[in-house]
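Have a look at the structure below, then the notes.
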Amino acid sequence: MKQSLGAKTLLFPAPVLMVGTYDREGKPNLMNAAWGGICCSQPPCIAVSLRKATYSYASIVERKAFTIGIASETAMKEADYVGIVSGRDTDKFAATGLTPVKSELVDAPYAAEFPFALECRLLHTLEIGLHTLFVGEIVDVKADAEVLGDDGLPDILKLKPLVFDTGHRGYHGVGPLLGKAFAVGKEL
């Protein structure tokens with residue numbers, strides 16, 4: 001029998017999203033956010049929830065744009081660091097040694113060292129409670145050639161993205177393919 005754990009923010013796994021923004025003065029900033037994911041297929045959109053207290057919040061509202069980078073396992077320390085300190089007090093790119101890259105299509109940066117990035121134009125904002133949900137239309141996807149498979153799409157085993165354990169607040173990696181979606185169930 002299942003045990004009640006109460007109302008908690010438990011979902012497994014959660015993505016580790018590197019949200020890129022420019023502040024009012026044009027300083028690039030990154031933050032680590034786990035509350036987000038794809039929310040629409042047409043137009044392609046991603047949602048990310050941030051607290052108003054975050055430095056990135058005002059930047060998204062003002063610039064109407066953000067990027068979402070995916071950090072690989074090799075950049076775990078850098079990914080964690082940008083979620084620990086505030087861009088108000090710290091130049092996170094300088095502190096981590098990450099390289100800001102200006103998006104070609106939106107007014108936001110991403111880190112060159114993260115092998116995958118989404119360039120997003122702010123489409124909707126929804127006040128939920130402590131968090132505000134930002135829905136960004138994905139206007140382009142950028143990926144390093146090294147993480148692409150033979151079909152030209154990102155290969156999750158080459159990308160090696162970090163995933164977040166919301167219950168224990170830990171980072172994990174991904175494992176091998178277990179079965180093809182929308183196919184394995186047909187065996188029943």
Side-chain angles (χ1 to χ4, degrees), residues 9 13-38 45-123 125 130-144 146-147 154 159-166 168-174:
T9 54
V16 178
L17 306 174
M18 301 289 102
V19 181
T21 57
Y22 286 119
D23 71 7
R24 179 170 279 144
E25 287 75 40
K27 180 179 88 173
N29 187 48
L30 282 175
M31 77 168 284
N32 180 327
W35 300 162
I38 296 296
C45 293
I46 189 165
V48 63
S49 292
L50 306 181
R51 291 179 292 111
K52 284 184 182 179
T54 66
Y55 194 58
S56 297
Y57 180 99
S59 298
I60 293 173
V61 170
E62 185 172 308
R63 301 282 183 146
K64 307 281 188 248
F66 59 95
T67 62
I68 298 291
I70 301 297
S72 290
E73 293 172 4
T74 57
M76 180 176 60
K77 289 179 183 174
E78 293 85 351
D80 191 56
Y81 180 83
V82 302
I84 295 172
V85 300
S86 173
R88 282 184 192 90
D89 312 313
T90 305
D91 180 336
K92 296 181 189 182
F93 280 96
T96 58
L98 296 171
T99 309
V101 176
K102 181 175 176 25
S103 164
E104 296 173 8
L105 301 173
V106 300
D107 192 15
Y110 56 88
E113 292 78 8
F114 299 156
F116 184 85
L118 305 174
E119 296 173 312
C120 305
R121 177 178 32 246
L122 183 61
L123 194 60
T125 303
L130 181 61
H131 287 73
T132 299
L133 181 76
F134 293 106
V135 176
E137 179 180 358
I138 301 167
V139 296
D140 198 16
V141 176
K142 302 276 197 276
D144 291 345
E146 299 81 40
V147 301
L159 183 59
K160 297 183 179 181
L162 294 174
V163 294
F164 184 62
D165 172 350
T166 58
H168 298 99
R169 301 181 78 177
Y171 298 112
H172 293 266
V174 297

Which pairs pass salt bridge (Lys or Arg N to Asp or Glu O under 4.0 Å) with one or both residues in residues 17-27, sequence neighbours excluded?
Arg24-Glu62
Pairs where residues 69-98 contributes a residue and the test salt bridge (Lys or Arg N to Asp or Glu O under 4.0 Å) is met, not counting sequence neighbours
none
Test side-chain contact (heavy atoms from CB on, under 4.5 Å) applied to [X] - qualifying residues, sequence neighbours left out:
X      : value
Pro15  : Leu17
Ile38  : Ile46, Ile138
Thr166 : Leu10, Phe12, Ala14, Trp35, Phe164
Ala95  : Tyr81, Thr90

Which residue pairs pass the ring pair (Phe, Tyr, Trp, His ring centres under 6.0 Å) test with at least one member in residues 86-122, sequence neighbours excluded?
none
Restricting to pairs with a member in residues 53-72, which pass ring pair (Phe, Tyr, Trp, His ring centres under 6.0 Å), not counting sequence neighbours?
Tyr57-Phe134
By salt bridge (charged side-chain N to carboxylate O under 4.0 Å, His left out), which residues pair with [X], not counting sequence neighbours?
X      : result
Lys160 : none
Glu104 : Lys142
Lys52  : Glu127

Could you check if a side-chain atom of Thr125 sits within less than 4.5 angstrom of a side-chain atom of Val61, using non-hydrogen atoms only?
no
State, with a plain yes or no, whether a side-chain heavy atom of Thr21 is found less than 4.5 Å away from one of Met31.
no
Sequence neighbours excluded, which residues qualify as side-chain hydrogen bond (donor to acceptor under 3.5 Å, both in side chains) partners of Arg121?
none
